[in-house]
Amino acid sequence: MYRSHYSKEISPNEYNSTVTVAGWVEEIRNLGSIAFLILRDKKGTLQLTILKKKTPELFERFISLPRESVISVKGLCKENDKVRNGYEILPETCDVLSLAETPLPLGVVDKVEADFDTRLDNRIIDLRKPETQAIFKIRNTVLAAAHEYLRSQNFIEVHTPKIIASSSEGGTDMFRVRYFEKEAFLAQSPQLYKQSLMATGLDRVYEIAWYFRAEEHNTRRHLNESTAVDIEMAFINDEEDIMNILEHLVHAMWKRASECSQELEILKKVVTIPKLPFARITYDEVVKTIQQEKSPIEWGKDLSTEDERLLGEIMKTKGEDFYFITKYPLTSKPFYTMPDREKYSRGFDLECKGVEVSSGSQRIHDIALLIERLKACGLDPKDFDAYLKAFRYGMPPHGGFGFGIERFLMELLELNNIRECILFPRDRTRLSP
Ligand code: AMO
């Protein structure tokens with residue numbers, strides 16, 4: 001193997017023995033008779049120290065290596081308390097595994113920050129930066145926490161089709177695809193399938209997957225391809241049962257993130273674990289509160305970005321970073337949402353510091369009411385035949401939520417742009433890399 005140890009896994013036991021390390025050449029400092037090469041791997045960096053007198057041929061090879069080339073080096077590991085890791089490696093042999101071209105389109109350790117588009121255009125190099133990698137390491141950790149929490153609550157993981165025949169969230173922002181002789185769409189949500197599963201006896205399911213939205217607007221918090229944690233559960237009393245799972249899920253993910261001390265240090269962030277339960281505020285209360293702050297919102301309309309921001313500030317003064325907005329008007333929620341007292345619904349959103357991170361609801365499980373609501377929303381029940389079938393032969397009361405992973409990470413790490421939280425973002429103008 002080209003590597004026996006990662007940089008951060010060399011312990012004092014290895015001092016005075018031969019190790020093999022491998023990675024990218026981050027920096028070379030040539031002081032004439034001695035050169036220092038900083039080698040970077042997944043765990044961090046280490047120092048190679050090359051003495052010209054001792055290994056003249058190796059010295060020449062090292063100082064001419066272009067930055068970001070990939071090498072594997074075998075050498076003696078020596079204790080040195082002047083070096084950051086407490087050790088340095090004195091190379092004996094070096095395999096150059098790949099030479100990097102010059103100039104680099106983007107520096108990895110440059111002091112001057114490149115603009116965001118240059119970073120995204122060269123994402124492979126951008127992802128070599130410890131601060132970019134830290135986001136994806138935290139992402140990996142919080143998703144592990146999500147799987148663990150949901151499984152501990154008896155949810156089973158499922159995977160539903162992403163090429164679908166009808167829309168669940170409204171037709172305008174669907175990507176159309178040609179499916180042989182028919183027209184199909186890319187899924188905006190697993191909505192219709194996760195609900196259908198409630199008719200099978202698999203009464204708690206979750207899915208972590210990709211979704212596609214052809215939203216035209218290019219904002220700092222929208223993606224055209226994003227990932228989400230979705231759940232659906234049956235035999236609920238009302239939406240409160242769903243909100244309870246959601247707040248505990250968020251708490252478990254947030255808590256696990258707070259334990260990523262190395263990554264948080266790299267990102268210079270502190271994550272404070274929110275207290276449970278999260279505040280609940282009804283839509284009516286929200287409208288009243290923000291109208292007092294001169295918002296032009298009309299009852300029945302969805303909150304604008306500015307309304308959400310305003311509410312976020314008000315809730316902050318009350319010490320609430322997370323809060324549910326409950327009892328939305330029926331008109332502002334999708335057809336499958338359970339109505340409540342005439343004009344209201346059992347739909348809710350979870351907000352974090354003025355940004356929606358999740359929405360969910362109790363659903364309609366009575367087929368007659370479902371057909372009525374489809375028609376009231378201007379939809380043709382015939383287009384939903386396959387979905388409606390699930391309601392004809394015994395469907396328990398149920399509900400669920402969708403929780404955007406990139407939105408969550410953006411808020412968790414207080415990042416300015418949602419594109420930071422996805423490896424290769426897709427937006428209105430970006431389809432590559
Ligand atoms: P909704 O449309 O509110 O609900 O989406 C759920 C969550 O997904 C995230 N999200 C997005 N993230 C990035 N870019 C986008 N364009 C984008 N659109 C949505 C948000 C949002 O809160 N079927 C329902 C969920 C349910 O009721 O179970 C749905 O899709 O974090």
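In listed order, ligands and their atoms are each counted from 1. All residue numbers refer to positions in the sequence shown, counting from 1.
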Short side-chain donor-acceptor distance under 3.5 Å, [Y] and [X]:
X	Y	result
Gln195	Tyr387	yes
Ser345	Lys343	no
Thr305	Glu308	no
Thr118	Asp115	yes
Trp24	Asp41	no
Tyr206	His147	yes
Thr326	Glu239	no

(request) Give me the ring orientation class for His398 and Phe391: parallel if the planes are under 30° apart, tilted from 30 to 60°, perpendicular past 60°. (result)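 Plane angle between 30° and 60°, so tilted.
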Those atoms of ligand 1 less than 4.0 Å from some heavy atom in [X]:
X	result
His222	14 (N), 16 (N)
Lys194	26 (C), 28 (O)
Gln191	23 (N), 24 (C), 25 (C), 26 (C), 27 (O), 28 (O)
Phe401	26 (C), 28 (O)
Ser189	23 (N), 30 (O)
Glu215	16 (N)

Where is the nearest protein heavy atom to [atom]: which residue, which atom, and how far?
atom	answer
atom 22 (O) of ligand 1	Glu356 OE2, 2.4 Å
atom 2 (O) of ligand 1	Arg213 NH1, 2.7 Å
atom 29 (C) of ligand 1	Glu169 OE1, 3.5 Å
atom 20 (C) of ligand 1	Arg407 NH1, 3.6 Å
atom 27 (O) of ligand 1	Arg363 NH1, 2.9 Å

(message) Nearest non-hydrogen contact with atom 4 (O) of ligand 1 belongs to which option: Ser359, Pro334, Gly360?
(response)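 Of the listed residues, Ser359 has the closest heavy atom.
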I'd like to check whether [X] has a polar contact with ligand 1, where a contact means an N/O of the residue lying under 3.5 Å from an N/O of the ligand.
X	answer
Phe403	no
Ala228	no
Gly404	yes

(message) Ring centroids only, cut at 6.0 angstrom: are Tyr283 and Tyr328 within range, meaning strictly under it?
(response)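 Yes, ring centres under 6.0 Å apart.
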(request) Could you tell me if any non-hydrogen atom of Tyr336 lies under 4.0 Å from any atom of ligand 1? (result)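 Yes, Tyr336 has a heavy atom closer than 4.0 Å to ligand 1.
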(request) Applying side chain to side chain donor-acceptor pair (under 3.5 Å), name anything that partners Tyr323, two or more places apart in sequence or on another chain. (result)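 Partners of Tyr323 by the side chain to side chain donor-acceptor pair (under 3.5 Å) criterion come out as none, since no residue qualifies.
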